[in-house]
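Below you'll find the structure, written out as structure tokens, and then a few comments.
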Amino acid sequence: MCGIVGYIGPRQASDVLIGGLARLEYRGYDSAGIAILSSAGLDVVRRLGKLVNLSNAVSESPVPGTLGIGHTRWATHGRPSEENAHPHIDCTGRIAVVHNGIIENYLEMREELSATGHILRSETDTETIAHLVEAYYDGDLAAAVSRAIKRLDGSYALGVVHLDHPDVLVAARKDSPLIIGIGEGENVVASDIPAVLEYTREVLVLHDGEVAIVTADGVRVRTLEGADVSDPEMMHVEWDLAAAEKGGYDDFMLKEIFEQPKAIRETLRGRMCNGEIQLSELDMKPEQVAGIDRVFIIACGTSYHAGIVAKTLIEQWARIPVEVQVSSEFRYADPIVDDDTLVVAITQSGETADTLAGVREARERGAKVIAITNVVGSRVTRESDGVIYTHAGPEIGVAATKTFTAQIAALYVLALKLAQAKGTVQQERIEHLWSELSRIPDLVATILEDIDGLRECADEYIGARSSLFLGRGIGVPIAMEGALKLKEISYIHAEAYPAGEMKHGPIALITEEVPVVVVATQGHTYEKVVSNIQEVRARGAQVIAVATHGDEEIRRHAEHVLYIPATTESLSAIPATIPLQLLAYYIAKARGCNVDQPRNLAKSVTVE
Ligand code: M6R
């Protein structure tokens with residue numbers, strides 16, 4: 001949601017800003033703008049819609065200058081429009097501000113500023129920041145920014161420039177990510193790493209309450225009180241620009257689907273040693289792990305579906321009761337968690353506001369919180385007691401794919417660890433499950449090698465308006481994830497149900513026009529699932545079944561069968577996901593949808 005890029009150095013800032021914003025496009029936005037500072041003044045160009053509109057405007061009327069800030073806005077306060085697009089300027093037109101986050105007391109600030117003669121021209125909360133900086137400015141830009149942000153309630157990542165300071169960019173943050181790529185004689189401020197990778201892989205991670213004074217030659221970090229921060233956090237980015245590019249694939253989503261064998265393998269690497277599941281991130285003594293008597297999982301969207309998979313695994317293997325709740329409900333539900341509860345927060349981005357709020361709530365209630373995330377240094381990593389990283393590499397497509405299967409891989413490890421600590425699964429079985437788990441990346445690769453049938457199947461359903469996804473047991477969250485993928489990228493309505501529950505209502509929706517996708521892999525409820533298939537077929541439905549290789553019988557019950565290799569039932573969640581991701585992908589592509597940036601969606605949802 002929203003993207004920030006700021007640049008200071010020898011290059012034309014507009015090129016760096018627009019290039020950097022393009023690398024953040026995946027985050028979702030509805031308008032874009034830049035402000036460039038030069039000896040001629042402060043030029044602001046803003047356009048509604050895609051970045052190409054801004055880029056065309058800048059090509060037609062270039063804005064020279066080597067210091068600037070840019071932004072892609074996902075509307076919160078005020079409709080998407082040119083007036084509401086960032087950067088925002090103060091009354092004098094000498095200060096420009098870009099902002100990610102939400103200023104909760106902006107109405108109060110607007111009233112105060114208007115009463116003292118400031119003219120606000122947009123509907124946004126951000127514009128108040130430009131006017132507050134103007135009000136506090138007395139020659140020291142960083143001090144004015146510090147004073148202004150002390151007045152703000154809410155979250156912000158900020159980039160600020162002032163015509164009086166042609167060689168300084170001021171950046172600050174609270175509850176919204178901001179990094180500074182440290183180059184040679186140039187520095188790039190950004191809300192996410194891909195925007196700086198063209199210039200550097202050395203990154204300064206700004207923390208809450210820190211203000212950075214960025215020049216071409218260096219960065220000084222101060223507290224809001226003006227004290228120097230002598231040891232700001234530095235980080236070397238392990239991946240390069242190629243990892244953040246499409247690499248010959250049509251879309252990031254397809255590339256990321258194909259990267260799953262590697263993502264799962266990397267996530268499992270080093271987790272078994274001499275028969276012991278390795279999970280030092282729990283930071284608990286064996287007897288403490290054995291003493292866990294309740295697990296609460298909080299997450300949103302796709303990560304929530306990974307949480308439901310984990311419930312099945314932990315309950316089955318470790319015999320610990322698990323509750324799974326969407327984060328936005330958890331916080332306000334007066335949840336029953338205490339210091340005997342292990343709370344697992346799953347979030348690929350590590351920045352999801354609802355999940356972060358849930359983490360705070362859980363810790364306030366005394367629970368130990370373990371985060372599962374894909375983003376090193378993300379906010380959830382600072383707010384949790386321990387972090388299990390998925391090693392999926394950068395995920396640019398808005399639809400989560402490889403991070404989902406990597407999350408499940410990490411959750412398999414957690415469930416096995418709990419089972420081993422509790423002694424609820426015999427050592428021989430643990431080792432057998434581990435060896436089966438280690439095969440999963442290869443099984444996924446096998447599925448990805450043979451997808452022609454899947455494309456043909458997808459072609460038949462591009463005209464569907466509504467669809468139903470069914471499964472039982474571990475197939476339920478996989479059906480839910482399949483439905484989410486289809487609806488978010490193809491805009492076909494898709495609903496998921498436990499297959500046995502279908503006859504209690506959703507069966508009324510079944511017609512010949514409603515395709516029914518059924519997770520019908522081998523397992524202890526297989527026969528029941530087949531009966532459910534018969535129920536929908538008797539009402540005219542076309543069935544697409546995800547089934548296990550060797551199951552020829554299923555062909556009699558389904559129009560299309562998408563086969564996956566055989567594995568242990570509880571480990572089938574990952575392979576069964578792959579055909580559903582591809583089905584959604586090919587249907588969406590055939591409908592002409594932008595699969596990487598579906599409408600209204602953002603990669604990390606930083607507002608509650
Ligand atoms: O970054 P998170 O895992 O916390 O994100 C949660 C959801 O916003 C995310 O999974 C969303 O549902 C995706 N669009 C799914 O493809």
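Atoms within a ligand are numbered from 1 in the order they appear, just like the ligands themselves.
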Can you report which non-hydrogen protein atom sits closest to [atom], along with the distance?
atom: atom 7 (C) of ligand 1; answer: C300 O, 3.7 Å
atom: atom 12 (O) of ligand 1; answer: G301 CA, 3.3 Å
atom: atom 8 (O) of ligand 1; answer: V605 CG2, 4.0 Å
atom: atom 15 (C) of ligand 1; answer: T302 OG1, 3.0 Å

Notebook entry, point to check: Is E351 touching ligand 1 with its side chain, its backbone, both, or neither, if touching means heavy atoms under 4.0 Å apart?
Noted result: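 The answer is neither.
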Notebook entry, point to check: Parallel under 30°, tilted from 30 to 60°, perpendicular over 60°: which one fits the rings of H305 and F404?
Noted result: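 Aromatic pair H305/F404 classed perpendicular.
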Check: In terms of ring plane angle, is the pair F296 and F330 parallel, tilted or perpendicular, where the classes change at 30° and 60°?
Finding: perpendicular
Item checked: Residues which pass salt bridge (charged side-chain N to carboxylate O under 4.0 Å, His left out) with K50, listed by chain and number, not counting sequence neighbours -> none
Mark up the atoms of ligand 1 that fall under 4.0 Å of a heavy atom belonging to [X], in ascending order.
X: T352; value: 1 (O), 2 (P), 4 (O), 5 (O)
X: A399; value: 16 (O)
X: A400; value: 15 (C), 16 (O)
X: S303; value: 2 (P), 3 (O), 10 (O)
X: E488; value: 13 (C), 14 (N), 15 (C), 16 (O)

Margin query: Using 0.5 Å steps for rounding, measure from the CD atom of E488 to the OG atom of S490.
Written below: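 Nearest 0.5 Å value for the CD-OG distance: 9.5 Å.
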Notebook entry, point to check: If you measure from CD on Q325 to CD1 on I297, what distance do you get to the nearest 0.5 Å?
Noted result: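 CD1 of I297 is found 12.0 Å from CD of Q325.
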Check: Distance-only, no hydrogens or angles: does the K402 side chain make a donor-acceptor pair with backbone N or O of F258 under 3.5 Å?
Finding: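 Answer holds: no.
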Distance-only N or O hit between ligand 1 and [X], under 3.5 Å:
X: K485; result: yes
X: S349; result: yes
X: L601; result: no

Margin query: Just to check, does V398 reach to within less than 4.0 Å of ligand 1 when the distance is taken from its heavy atoms?
Written below: yes
Margin query: Looking at D208 and R173, is any side-chain nitrogen of the basic one under 4.0 Å from a carboxylate oxygen of the acidic one?
Written below: yes
Checklist line | Y491 six-ring face occupied by R591 cation (under 6.0 Å, within 45°) | finding: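 Output no; distance or angle outside limits.
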Notebook entry, point to check: Partners of E315 by side chain to side chain donor-acceptor pair (under 3.5 Å), sequence neighbours excluded?
Noted result: K311
